[in-house]
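Beneath this line is the structure, given in structure tokens, with notes to follow.
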Amino acid sequence: MTEQQMILYGAFFAIGIVFLIYHVIYSYELSKTQKRSGITISKPLKNLLTYNTYAILAVVGVASIFLLTS
Amino acid sequence: MNILQEQLGEEEVSAFLTIPGERLVWASRKHSIGVLISIGITMIGLISLIAILFAAFSYFELSWPVFLLTGMIVAILGLSLSLKTIVDWYCHIYIVTNFKILEVSSSPMFSHKTHEVLLSQVRVSEINVVIHNFAEELCNVGSIMVEFDRLAHIEVLEITGVRGVREVGSILSAALEGTYPGPSSRIAGSLFVRPKEVAHL
């Protein structure tokens with residue numbers, strides 16, 4: 001495994017973390033929107049947010065596995 | 001419950017019915033066709049990008065883990081964009097009651113807009129129903145433009161992407177007719193009338 005590939009996996013891991021942070025803040029803001037504006041957030045929409053979290057976590061997980069095994 | 005449900009029920013808008021005796025006339029989101037088109041375009045872009053990446057990776061003979069991770073990053077980018085489109089659509093609602101017309105548009109982390117017109121303070125002069133093109137006619141979608149006299153901040157409130165626009169237009173026309181307290185009560189309280197004997201001086 002070359003050093004270049006390690007840097008590449010590290011970059012993917014960092015992008016995944018950035019996405020995760022954005023998503024957590026976005027979900028928090030969405031829950032605050034419900035309190036602020038009175039719009040009820042439905043269960044299917046909450047489920048969609050959860051699935052997106054899983055997808056981002058999968059990217060971070062795969063990147064970290066490649067990074068650790070390299 | 002469907003995620004792209006447009007019509008809002010009484011319990012969903014109960015937080016907005018704040019005036020005693022307030023009764024819901026109509027409450028809805030925009031037609032979901034707009035969201036579906038946006039998501040469709042995003043998905044087509046996503047698939048095209050992954051195909052281009054696949055071709056590039058095959059041509060330059062790069063390793064498959066890098067392709068896998070790049071594909072996953074592109075996929076979560078598309079998912080996040082689609083989610084934002086859905087949330088923005090979901091948090092944009094129109095509510096018409098017997099006392100007010102309310103538009104709430106919220107985009108978490110980005111923007112928030114609340115536009116409330118109290119019907120006791122304005123006079124609804126026109127309610128126009130507009131279907132702009134063939135596609136809208138086919139889907140029975142259109143805009144309703146509620147025009148006020150000059151007492152409101154804006155003169156025209158446009159409710160866009162309304163499903164069953166003709167029927168909703170009729171409902172709003174019937175509901176908003178006679179909500180204004182009438183010119184006599186307003187004029188009596190707001191206009192100064194010069195006494196006749198002063199006018200002769």
Side-chain angles (χ1 to χ4, degrees), chain A, chain B residues 1-6 8-18 27 29 35 39 62-95 102-116:
Chain A
M1 192 65 66
T2 61
E3 194 180 328
Q4 195 183 3
Q5 272 180 318
M6 270 187 75
I7 292 166
L8 211 56
Y9 295 147
F12 282 123
F13 181 76
I15 291 168
I17 292 292
V18 168
F19 261 106
L20 192 64
I21 291 166
Y22 161 78
H23 186 69
V24 168
I25 296 169
Y26 189 77
S27 303
Y28 174 69
E29 284 289 322
L30 187 64
S31 66
K32 267 178 43 178
T33 300
Q34 185 170 0
K35 286 175 194 158
R36 279 182 197 151
S37 60
I39 298 167
T40 314
I41 307 298
S42 66
K43 197 162 172 56
L45 195 62
K46 284 177 185 167
N47 288 343
L48 206 65
L49 281 165
T50 312
Y51 298 147
N52 204 26
T53 314
Y54 291 154
I56 296 167
L57 283 174
V59 173
V60 174
V62 171
S64 61
I65 288 166
F66 283 134
L67 193 63
L68 289 171
T69 53
S70 63
Chain B
M1 192 191 206
N2 185 7
I3 196 164
L4 296 178
Q5 191 183 354
E6 294 156 13
L8 294 163
E10 191 90 43
E11 68 282 355
E12 280 179 279
V13 295
S14 57
F16 299 99
L17 305 178
T18 50
R29 297 186 176 91
V35 187
I39 293 171
L62 293 168
S63 63
W64 68 267
V66 178
F67 171 69
L68 178 75
L69 283 171
T70 312
M72 285 175 91
I73 292 285
V74 171
I76 59 165
L77 180 69
L79 276 173
S80 297
L81 284 173
S82 301
L83 184 71
K84 189 184 178 312
T85 308
I86 292 171
V87 169
D88 287 356
W89 168 83
Y90 189 89
C91 294
H92 189 177
I93 56 174
Y94 295 104
I95 298 169
L102 179 68
E103 180 187 5
V104 182
S105 173
S106 185
S107 179
M109 271 179 80
F110 296 98
S111 65
H112 179 82
K113 186 179 83 176
T114 305
H115 189 199
E116 186 173 333

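Here the structure is a predicted model, which is why all the values come from computation and not from measurement. First the proteins, then the strands, lettered A, B, ... as listed; each starts at 1.
- For the residue pair A:Q5 and B:S63, the shortest heavy atom distance occurs at NE2-OG, 3.3 Å.
- Contact tally against chain A (heavy-atom pairs below 4.5 Å) for B:V13, B:I73, B:I86: the top residue is B:I73.
- Using a 4.5 Å cut-off between heavy atoms, B:I93 touches chain A through its side chain atoms alone.
- Heavy atoms closer than 4.5 Å to chain A are found in both the backbone and the side chain of B:S80.
- In terms of non-hydrogen atom pairs under 4.5 Å with chain A, the most contact-rich of B:A75, B:C91, B:S82 is B:C91.
- When the candidates B:V87, B:L8, B:V104 are compared by the number of heavy-atom contacts under 4.5 Å with chain A, B:V87 comes out ahead.
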Problem set entry | Working for side-chain contact (heavy atoms from CB on, under 4.5 Å), residues B:F110 and A:E29 | CA-CA 10 Å; B:F110 296 98; A:E29 284 289 322; over 6 Å; no
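- Options A:V59, A:L49, A:L8, A:I41 differ in how many heavy-atom pairs under 4.5 Å they form with chain B, and the most are formed by A:V59.
- Looking at B:I76 and A:H23, their side chains never come closer than 4.5 Å, going by heavy atoms from C-beta outward.
- Residues of residues 50-57 of chain A placed with any heavy atom under 4.5 Å of a heavy atom in chain B are listed by number as A:N52, A:A55, A:I56.
- With a 4.5 Å cut-off on non-hydrogen atoms, B:L68 touches chain A through its side chain but not through its backbone.
- In this structure, the side chains of A:Y26 and B:K84 come closer than 4.5 Å at one or more pairs of heavy atoms.
- The closest side-chain heavy-atom distance from A:S42 to B:Q5 is not below 4.5 Å.
- Here the shortest heavy-atom pairing between A:Y9 and B:P65 reads OH-CB, 3.3 Å.
- Under the rule for a ring pair (Phe, Tyr, Trp, His ring centres under 6.0 Å), A:F13 has no partner lying at least two apart in sequence or in another chain.
- Heavy-atom neighbours of A:Y28 OH from other residues, nucleotides or ligands within 6.0 Å: at or below the threshold of 12.
- Contact between B:S106 and A:T33 at its shortest, heavy atoms only, is OG-CG2, 3.2 Å.
- At least one side-chain heavy atom of A:F12 sits less than 4.5 Å from a side-chain heavy atom of B:V66.
- In this structure, chain A has heavy atoms under 4.5 Å from both the backbone and the side chain of B:T70.
- Of all heavy-atom pairs between A:T40 and B:E12, the closest is OG1-O, 3.9 Å.
- Nearest heavy atom pair, residue A:G38 against residue B:A15, reads O-CB, 4.2 Å.
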